[in-house]
Amino acid sequence: MKVVELREQFGLENLTLADRSEPTAEPGRIVLRMLAASPNYRDLLMVLGRYNPKQPLPLVPCSDGVGQVMALGQGVERVKVGDRVAPIFAQNWICGSPTPETLRSTLGGPLDGTLTEYLALEESGVVQVPRHLSDEEAATLPCAGLTAWNALVTHGNVRPGETVLVQGTGGVSIFALQFALLLGARVIVTSSSDEKLERARALGAWETINYRNVPDWGRETWKLTGRGVDLVIEVGGAGTLAQSLAAVRPGGRISLIGMLAGGMSEINIIPILMRQIRVQGVLVGHRESFEAMNRAIEVHRLRPAVSRVFPLDETRAALEHMAAGEHFGKIAIQIQ
Ligand SMILES: NC(=O)c1ccc[n+]([C@@H]2O[C@H](COP(=O)([O-])OP(=O)(O)OC[C@H]3O[C@@H](n4cnc5c(N)ncnc54)[C@H](OP(=O)(O)O)[C@@H]3O)[C@@H](O)[C@H]2O)c1
């Protein structure tokens, strides 16, 4: 079978289309014929050797994907042959809080990921995907979709009529826009591109701010809302947190997800305590919340925004496209 792997060294130029032997279904495990995958920013960092420089190689990158169940090991009961399922990001995180073991069971590093024609997993490590989605759309759910869902629902506790600010127009952020609308919130989207902001408006954004032209966008949100926003979806991290703290209303929340604008900086904590702001870290999510998200996606016929699809043998081009910030929402990789 074909896989995309990093064999001996990190780097986009070292991604290789290689042959490996097909896995068989061991007891309690299943084999998926992978249909599509979808890269996240984390996968780009992993390939560049910046996510975990100590990650042993070879590695098949990418955590997100969707596949069809081809074979069942002895005793498997959760799925049947032919089911279309998505692997869960952290293979042993079924419910509750994450543990150190949770982080050791994530796909696309340290475990081999989804850029492969066949993938063997524990039967507990998958969920059924919504039937109305294409393979490419369904492939985007495990990390990007679920992170946005948990940032808004589980941790963000968004109520109808609230205002959510979403930073940028990448994978997590456009899911967050879509889920916030589904929850009855109004959404402000920031972006470095006016063209992407137009696309965000077409998806239902209430207001938009170009963060390049308006670096003090925290204050701008007060002009728009009169009271600050209720929740910020923070993907910029240390480099944007000061603006997020300025944007949020007293008693508001920040779901801290990413660090596109840096992981470390000096932060003035006084607004957090004086305005009683809750800053909550978000780590993807467990299988139970993945299933809850899929029910909502199915009921509301929500469709993930996939702006471009690449074939498996153009994975490098897909990651370069992501690194250049050319995408809107998600990129997908067609495998079959
Ligand atoms: N904690 C978790 O569990 C978790 C899960 C998933 C992702 N993440 C993290 O979340 C972040 C986003 O991931 P992703 O996969 O959605 O990335 P992505 O699809 O590559 O999104 C990148 C987009 O973010 C926007 N952006 C970049 N720098 C920005 C800044 N300084 N301020 C505002 N927006 C900025 C840009 O949007 P415009 O082009 O519109 O400007 C860019 O196109 C990454 O740091 C990732 O590692 C964390």
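All residue numbers in this chain count up from 1 along the given sequence. Every value quoted in this text rests on a predicted model; they were computed, and no experiment measured them. Atoms within a ligand are numbered from 1 in the order they appear, just like the ligands themselves.
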For Tyr211 and Trp217, I'd like to know if the aromatic rings sit close, meaning centre-to-centre distance below 6.0 Å.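 No.
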Selected option - heavy-atom contact closest to [atom], from [options]:
{"atom": "atom 22 (C) of ligand 1", "options": "Leu44, Leu260, Thr147", "answer": "Leu260"}
{"atom": "atom 43 (O) of ligand 1", "options": "His321, Gln243, Lys196, Glu234", "answer": "Lys196"}
{"atom": "atom 31 (N) of ligand 1", "options": "Ala200, Pro39, Ala323, Ala261", "answer": "Ala261"}

Counting non-hydrogen protein atoms only, what is the nearest one to [atom]? Give residue, atom name and distance.
{"atom": "atom 8 (N) of ligand 1", "value": "Ile257 CG2, 3.7 Å"}
{"atom": "atom 37 (O) of ligand 1", "value": "Thr169 N, 3.3 Å"}
{"atom": "atom 21 (O) of ligand 1", "value": "Gly170 CA, 3.2 Å"}
{"atom": "atom 16 (O) of ligand 1", "value": "Val172 N, 2.9 Å"}
{"atom": "atom 9 (C) of ligand 1", "value": "Gly258 CA, 3.5 Å"}
{"atom": "atom 13 (O) of ligand 1", "value": "Tyr41 CB, 3.7 Å"}

Over-ring placement of Arg33 relative to Tyr118, 6.0 Å and 45° cut-offs: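 Verdict for Tyr118: no cation-pi partner in Arg33.
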Output yes when the distance from some N or O of ligand 1 to some N or O of Met322 is under 3.5 Å, and no in every other case.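 No, no N or O pair falls under 3.5 Å.
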Just how far is it from atom [atom1] of [X] to atom [atom2] of [Y], taken to the nearest 0.5 Å?
{"X": "Leu35", "Y": "Arg84", "atom1": "CG", "atom2": "CZ", "result": "7.5 Å"}
{"X": "Ile272", "Y": "Ile267", "atom1": "CD1", "atom2": "CD1", "result": "7.5 Å"}
{"X": "Met293", "Y": "Thr154", "atom1": "CE", "atom2": "OG1", "result": "10.5 Å"}

What pair of heavy atoms forms the shortest contact from [X] to [Y], and how long is it?
{"X": "Val306", "Y": "Ala332", "answer": "CG1-CB, 3.9 Å"}
{"X": "Glu220", "Y": "Ile209", "answer": "CG-CD1, 3.7 Å"}
{"X": "Gly75", "Y": "Glu123", "answer": "O-OE2, 3.9 Å"}
{"X": "Ser63", "Y": "Asp43", "answer": "N-OD1, 3.4 Å"}

Is it true that the side chains of Glu207 and Thr163 contain a donor and an acceptor less than 3.5 Å apart?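 On atom types as modelled, these side chains do not qualify, holding no pair under 3.5 Å.
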Proximity of [X] to ligand 1 by residue part, where a heavy atom lies under 4.0 Å:
{"X": "Val284", "answer": "both"}
{"X": "Tyr211", "answer": "side chain"}
{"X": "Leu45", "answer": "neither"}

Does ligand 1 have any atom that is closer than 4.0 Å to a heavy atom of [X]?
{"X": "Cys143", "answer": "yes"}
{"X": "Gly168", "answer": "yes"}
{"X": "His327", "answer": "yes"}

